[in-house]
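Heads up: the structure comes next, in structure tokens.
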Amino acid sequence: MKLHEYQAKEVFAEAGIPVPESRLASSVEEVVEAVGEIGYPAAIKAQVHVGGRGKAGGIEIVTSEDEAREAAESILGMDLKGYTVDRVLVEAGVDFVDELYVGVTMDRSAGEPVAMVSTEGGVDIEEVAAETPEAIAREHVDPAFGMHPFESRKVVYEAGVDREFAGDVASILRTLFDLYEESDASEIEVNPVMITADDEVVAADAVMNIDEDALFRQPDLADMAEASYEDDLERKAGEYGFDYVRLSGNVGIIGNGAGLVMTTLDLVDYYGGEPANFLDIGGGAKAERVANALDMVFSDENVDSVVFNIFGGITRGDEVAKGINEALEQFDEIPKPVTVRLAGTRAEEGMEILNTDLVTVEKTLESAVQRAVADAEEVNQ
Amino acid sequence: MKLHEYQAKEVFAEAGIPVPESRLASSVEEVVEAVGEIGYPAAIKAQVHVGGRGKAGGIEIVTSEDEAREAAESILGMDLKGYTVDRVLVEAGVDFVDELYVGVTMDRSAGEPVAMVSTEGGVDIEEVAAETPEAIAREHVDPAFGMHPFESRKVVYEAGVDREFAGDVASILRTLFDLYEESDASEIEVNPVMITADDEVVAADAVMNIDEDALFRQPDLADMAEASYEDDLERKAGEYGFDYVRLSGNVGIIGNGAGLVMTTLDLVDYYGGEPANFLDIGGGAKAERVANALDMVFSDENVDSVVFNIFGGITRGDEVAKGINEALEQFDEIPKPVTVRLAGTRAEEGMEILNTDLVTVEKTLESAVQRAVADAEEVNQ
Amino acid sequence: MSILVDDDTRVVVQGITGGEGNFHAEQMIEYGTNVVAGAVPGKGGQTSAGVPVYDTVQKAAIEEDADASVIFVPPAFAGDAIFEALDAPLDLAVAITEGVPTQDMAKVNKRLSEVDTRLIGPNCPGIITPGEAKLGILPGNIFSEGKVGLVSRSGTLTYQVVDSLTQRGIGQSTAVGIGGDPIIGTSFVDALAAFEDDPDTEAVVMCGEIGGEDEEQAAAYIAENMETPVAGFIAGRTAPPGKRMGHAGAIVSGSGTGTAQSKIDALNDAGVPVGDTPEEVADNVESFL
Amino acid sequence: MSILVDDDTRVVVQGITGGEGNFHAEQMIEYGTNVVAGAVPGKGGQTSAGVPVYDTVQKAAIEEDADASVIFVPPAFAGDAIFEALDAPLDLAVAITEGVPTQDMAKVNKRLSEVDTRLIGPNCPGIITPGEAKLGILPGNIFSEGKVGLVSRSGTLTYQVVDSLTQRGIGQSTAVGIGGDPIIGTSFVDALAAFEDDPDTEAVVMCGEIGGEDEEQAAAYIAENMETPVAGFIAGRTAPPGKRMGHAGAIVSGSGTGTAQSKIDALNDAGVPVGDTPEEVADNVESFL
């Protein structure tokens with residue numbers, strides 16, 4: 001769950017990490033008011049979950065009210081890689097002499113967190129990682145102990161941070177690591193940490209992703225996450241408790257179990273269609289969840305046909321079938337053609353129950369996907 | 001550094017551990033006022049660092065104002081194993097049906113903390129440990145992880161705590177363990193934890209010792225510790241920064257290094273004398289520390305003679321000798337006879353510097369101690 | 001004729017008095033699994049699913065001579081439940097729970113390096129040795145005894161493949177669901193090594209998915225160490241970067257690591273055929289036998 | 001002719017730019033110790049006591065091929081400094097610092113169980129192999145080369161005994177001060193085992209004191225494993241219970257464990273003569289040779 005820059009900076013500031021003065025604004029007038037308070041130069045930064053905002057025109061530096069107004073008009077409401085910008089962060093410009101990268105993430109292979117520092121800050125760090133990996137110093141941290149002070153110093157010195165600022169940077173890294181643990185983050189990144197002309201060390205950007213599985217014990221962050229949904233369907237999926245990802249195709253997909261749903265997507269693609277979404281209804285789904293899932297997929301205007309693929313373990317085919325019947329019987333006309341494939345626990349009972357006036361029943365995964373792809377093509381002819 | 005019961009209970013209460021309602025009182029009138037607010041029955045408990053207060057008459061249960069007044073008059077000002085009681089805790093009496101022991105301490109051999117629970121609460125736990133060690137369940141805790149919830153449950157169930165209260169007791173134990181770590185305690189003990197007639201679980205006593213070496217990062221506890229000195233000389237030693245322990249004999253002892261000072265005490269005893277104190281001036285002592293040490297020992301009215309034993313490593317014999325001369329030259333008459341033995345770094349220079357009008361110089365540890373013992377005997381003849 | 005579990009495995013069910021725990025304990029017993037006890041704090045002395053319940057795993061292990069556990073406890077308490085299983089100590093712990101916070105698992109992972117217990121999962125369907133024992137929630141009826149080992153990060157995808165195999169008359173030695181989380185106790189390599197050592201496993205199916213590098217490491221292991229033929233499958237070819245595809249571990253990073261293509265290439269380089277569809281996987285297995 | 005350190009030992013001084021660190025670095029070098037570097041964060045590139053300073057211990061170890069460190073940093077940072085030495089990794093770390101919080105040492109102790117580094121101390125005078133190297137603050141001039149090993153929880157008490165030995169013409173193989181804290185890296189047993197394995201140590205002096213059970217464990221070890229004769233001394237016979245006698249570890253518990261008598265009895269039972277005075281200890285050693 002990604003926090004917005006402005007949210008992450010609130011968290012940083014509370015933990016004592018220096019951040020530039022800033023205001024959140026959602027209208028041109030608010031932007032003008034904010035720069036009036038903060039002064040010039042100021043940065044106007046789109047608050048959307050999109051990487052490379054700067055290059056895409058989502059960040060502008062302004063040095064006058066006219067420029068601020070102009071930037072606000074251009075950024076607010078703009079479409080940034082599919083997301084509409086409705087808020088910007090207005091932030092004091094920093095006169096910097098150097099930029100660093102500092103981050104903490106989970107190294108899955110090692111099963112432990114890793115801290116990273118690089119003097120190649122302010123640029124795409126993934127490019128640095130790919131092209132000059134030696135420019136990023138790394139230090140694994142034993143999660144039982146947390147980060148020892150010496151570890152923060154070691155990685156900062158190893159990265160080649162100027163000795164004059166090494167202590168401050170190490171201290172920021174340690175605070176970031178503590179935040180990483182306390183807030184159940186999956187990733188924290190500051191790119192860049194700026195060394196200012198006044199020899200201060202400031203977090204000029206802030207990326208913070210929270211482990212969704214830990215939101216139950218992070219109520220404040222869960223509230224922030226709530227405010228950061230950017231897609232109505234994804235918000236709805238969150239309310240229904242589904243694992244859902246929206247894609248750009250037209251074949252709607254519902255299934256149980258992440259691997260099987262991914263496989264269904266892949267097969268749609270394999271048979272020449274385009275998946276519209278990933279939707280996992282999870283284990284043991286009953287009628288209501290089935291109806292909710294159909295509602296989700298029908299709500300997506302891009303969807304032209306639906307494939308419903310269940311392999312029952314805990315989930316019972318007869319219950320799923322009943323749920324599908326009930327959900328579809330409420331429509332005068334079925335909004336999009338639905339193909340159902342049931343296997344596993346009580347699959348045969350389920351297939352007998354299914355109302356074939358409402359859905360097409362297929363016996364294999366492959367044939368069900370092929371049918372849904374064909375249906376979608378038909379709609380588009 | 002021991003906290004008083006009332007101090008430890010403040011810490012407990014803040015951490016969310018249930019404790020009986022209580023007031024601190026230092027006069028009979030305050031006691032009467034306190035019981036008036038708290039009600040009857042109430043316990044009047046002497047706040048001194050003495051084990052077995054109850055048996056020694058330092059705790060009384062009162063059921064009326066007259067009894068409260070009587071108890072306050074008898075306890076306030078009483079001498080409890082050498083300590084004068086100047087404060088009592090007035091505490092609501094608890095109607096209990098069972099008493100448990102719960103504690104956390106450092107197992108030195110294992111190098112890790114150990115949690116202990118016993119259903120034999122409310123009695124001398126050291127007796128239980130000696131006679132029926134199996135009545136105390138123990139769980140070692142890995143200090144890198146801290147106490148896992150399952151560990152708190154395991155030791156509580158193993159001790160045989162009634163299943164009805166096991167969850168609450170485990171939860172108190174976990175809080176105690178967290179306190180143990182957060183407050184740099186060397187020992188935390190609640191004896192008894194009471195199961196009340198209303199099925200509540202309450203910490204009815206509270207022992208909390210803090211690691212003196214960690215007081216620098218425990219400012220609040222350091223303040224409490226400050227308020228808990230009970231001997232003027234020990235307070236003075238704290239101010240001077242000496243390791244000092246007052247004993248009951250009449251040969252004052254000053255030396256450098258804990259092992260050597262202990263050995264000097266032992267030799268005083270071995271040669272028929274009685275040590276008056278342990279005083280370690282530490283390594284690298286200069287003139288001022290030497291003078292302060294002499295001041296300490298001279299201030300102890302029990303002291304009849306003094307042995308000053310230095311083996312110089314970092315500490316230089318000539319500096320110590322100068323310090324002794326300077327300190328003693330300020331007296332018109334030396335208060336108690338002083339024997340000095342210097343060895344190690346610059347010992348010979350030191351012995352030449354020493355003013356033999358003021359001190360007796362001996363070449364060996366054994367002869368120095370014998371001389372001081374003889375001096376003390378002479379004073380008492 | 002199996003790895004890790006068989007009909008001698010003596011199983012404690014952690015969380016046996018909960019709805020899911022109780023249901024699956026009964027299912028496991030019905031399948032023939034040697035479930036000997038349950039462990040639920042505060043429920044000691046009760047009976048659930050026909051077996052005695054103890055307050056702690058250690059007590060259950062001592063009293064009933066158990067050597068394995070299956071964990072059905074809510075995510076907030078699952079990390080602690082795993083620590084308890086490691087402390088008992090048991091030889092094997094299977095954590096079914098989905099949604100365990102990753103940092104809890106990082107701590108568990110550290111502890112795993114200090115003990116001899118094998119952990120499977122979390123967020124997994126468990127492990128089954130057909131005809132002998134199942135520890136978890138896999139539907140026993142689709143499995144059949146035989147000589148093909150399966151290891152997978154996904155539950156229902158495993159069932160899909162197993163179903164194809166069983167329908168072709170191809171039985172399984174053991175099937176192990178290692179789980180869809182970023183940090184798990186048993187990796188592909190661990191499971192592959194066990195199958196390689198099992199004289200009665202003649203072929204292995206490995207179902208991977210996007211995210212992490214476990215499949216790439218498995219490919220390297222296969223190339224260097226395995227005689228037993230392996231048939232592969234990788235789910236998530238169409239997953240966009242930066243999105244979590246159901247499983248907490250199924251995410252292609254923004255920088256493009258953890259893609260299906262990278263894993264498919266690695267497996268192909270190791271001589272492992274990777275099917276485009278589950279049926280193709282079954283075809284490949286059939287060709288090995 | 002020694003244990004743990006000799007003239008090949010390449011030493012980093014942690015905290016070399018501090019007053020104490022600098023003074024003792026110079027003293028060590030003067031004694032002939034192979035001090036190759038200092039380590040102080042932020043002071044990299046400087047020179048102190050004639051050797052180069054690095055920002056981290058690891059860098060010092062790599063650049064100067066060091067294998068041991070002596071730690072002179074204030075108590076609040078000493079635990080971290082020890083962790084840094086273990087991480088470098090070095091073979092030996094000697095922590096002189098007095099007053100390290102016990103819970104910091106409990107964490108260090110846990111880490112020690114995971115690495116190969118030996119820690120001596122904290123709150124100790126260090127270790128010396130006369131004529132070869134000293135790591136710590138022991139006054140080199142009172143030591144002489146020879147065949148008696150010393151291990152002690154106390155600094156100045158060690159000097160007292162060594163002085164007696166040297167004056168009698170009895171030299172020392174190695175003397176190690178293990179420190180006066182409740183939790184220390186090297187125990188009596190560790191040091192005794194090293195002396196037992198050293199063909200050139202012909203007798204050992206062990207100076208214990210009240211508190212803990214390390215001396216009792218040492219007695220058991222001596223009885224079961226040692227051929228080399230041991231002469232004992234125990235300080236603190238007159239210490240009252242519950243009072244910390246200077247050393248954080250020198251405390252007889254309220255329940256009466258950790259007394260001098262218990263330790264003396266244990267040593268006597270193990271055949272170790274325990275002197276009443278330091279001179280008697282020297283007498284006992286003399287009788288062994």
Side-chain angles (χ1 to χ4, degrees), chain A residues 2 49 51 106 108-113 125-127 129-130 142-144 180-181 184-186 211-214 216-217 243-249 255-263 265-270 274-275 278 280 282-284 310-315 343-345 364-366, chain C residues 20 23-24 75-76 98-107 109-111 125 137-139 141-142 152-160 163 180 182-183 207 209-214 217 233 235-240 242-250 253-256 260 276-279:
Chain A
K2 286 181 188 166
H49 294 313
M106 186 63 72
R108 289 172 59 158
S109 300
E112 57 184 18
I125 197 67
E126 274 144 6
E127 227 165 77
D142 183 330
Y180 173 86
E181 291 207 317
D184 274 303
S186 54
D211 178 2
E212 286 165 49
D213 288 335
F216 70 87
R217 62 186 178 197
D243 282 322
Y244 176 85
V245 176
R246 196 173 183 183
L247 301 165
S248 56
N256 67 327
L260 188 60
V261 178
M262 273 190 273
T263 300
L265 267 69
D266 294 351
L267 288 178
V268 166
D269 176 71
Y270 182 72
E274 283 183 64
F278 171 102
D280 179 3
I310 298 292
F311 201 112
I314 324 173
T315 312
T345 309
T364 73
L365 172 55
E366 288 79 359
Chain C
E20 220 191 323
F23 173 76
H24 288 291
E98 180 177 356
V100 184
T102 304
Q103 298 202 3
D104 291 359
M105 281 310 301
K107 291 197 175 75
N109 186 60
K110 157 77 175 174
R111 190 74 181 153
I137 61 173
L138 310 101
N141 59 307
I142 62 170
S152 172
R153 274 163 73 181
S154 163
T156 48
L157 177 58
T158 310
Y159 312 160
Q160 174 76 32
D163 201 39
I183 301 180
C207 295
E209 63 189 34
I210 52 166
E213 297 170 10
D214 214 17
Q217 287 163 7
F233 186 77
R237 301 173 186 219
T238 49
K243 296 285 184 182
R244 168 175 155 166
M245 304 298 274
H247 281 160
S253 85
S255 54
D276 284 324
T277 69
E279 282 303 317

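Everything numeric here is computed off the predicted structure, so don't read it as measured data. Order of the sequence lines sets the chain letters (A, B, ...), proteins ahead of strands, with each chain counted from 1. Side chains are part of it too, since the values below use all heavy atoms of this structure and drop only hydrogens, waters and symmetry mates.
The OG atom of C:S152 sits 7.0 Å away from atom CD of C:E209, with the distance rounded to the nearest 0.5 Å. From C:R237, atom CZ reaches atom OH of A:Y270 across 8.0 Å, with rounding to the nearest 0.5 Å. To the nearest 0.5 Å, atoms CZ (A:F216) and CG (A:D184) are separated by 7.5 Å. Rounded to the nearest 0.5 Å, atoms CD (C:Q103) and CG (A:D213) are 12.0 Å apart. Separation of atoms CD (C:E279) and CD (A:E366) is listed at 5.0 Å; rounding is to 0.5 Å.
The choice from A:L365, A:D243, A:L260 that makes the most heavy-atom pairs within less than 4.5 Å of chain C is A:L260. Between chain C and the residues A:S248, A:G255, A:A185, the most heavy-atom pairs under 4.5 angstrom are made by A:A185. Top candidate by heavy-atom pairs under 4.5 Å with chain C, chosen from A:L247, A:V261, A:T263, A:D269, is A:T263. Residue with the most contacts toward chain C among A:L265, A:D280, A:I125: A:L265 (heavy-atom pairs, distance under 4.5 Å). Contact tally against chain C (heavy-atom pairs below 4.5 Å) for A:E127, A:E274, A:M106, A:E112: the top residue is A:M106. The most heavy-atom pairs under 4.5 Å with chain A, out of C:I142, C:T158, C:D104, C:I210, come from C:D104.
Of the atoms belonging to A:R217, it is side-chain heavy atoms, and not backbone ones, that fall under 4.5 Å from chain C. Interface residue C:Q160: backbone and side-chain heavy atoms are both found under 4.5 Å from chain A. Interface remark: C:I183 contributes side-chain atoms only to the contact with chain A (heavy atom separation under 4.5 Å). Looking at C:P278, both its backbone and its side chain come within 4.5 Å of chain A, counting heavy atoms on both sides. For a residue to count as touching a neighbouring chain, one of its non-hydrogen atoms must lie under 4.5 Å from one of that chain's; by this rule C:D276 touches chain A with backbone and side chain alike. Proximity to chain C is absent for every atom of A:Y244, based on heavy atoms less than 4.5 angstrom apart. When heavy atoms are compared at a cutoff of 4.5 Å, A:L267 approaches chain C solely by way of its side chain, counted from C-beta outward. Contact annotation for A:A130: neither backbone nor side-chain heavy atoms come within less than 4.5 Å of a heavy atom of chain C.
In terms of the salt bridge (Lys or Arg N to Asp or Glu O under 4.0 Å) criterion, residue partners of A:D142 (sequence neighbours excluded) are, by chain and number, C:K110, D:R111. Contacts of C:H24 classified as ring-ring contact (aromatic ring centres under 6.0 Å, His included), with partners at least two apart in sequence or in another chain: C:F72.
For C:T238 and A:D266, the side-chain atoms include at least one donor-acceptor pair closer than 3.5 Å.
A distance-only check finds a donor-acceptor pair linking the side chain of C:T156 to the backbone of A:N256 [under 3.5 Å].
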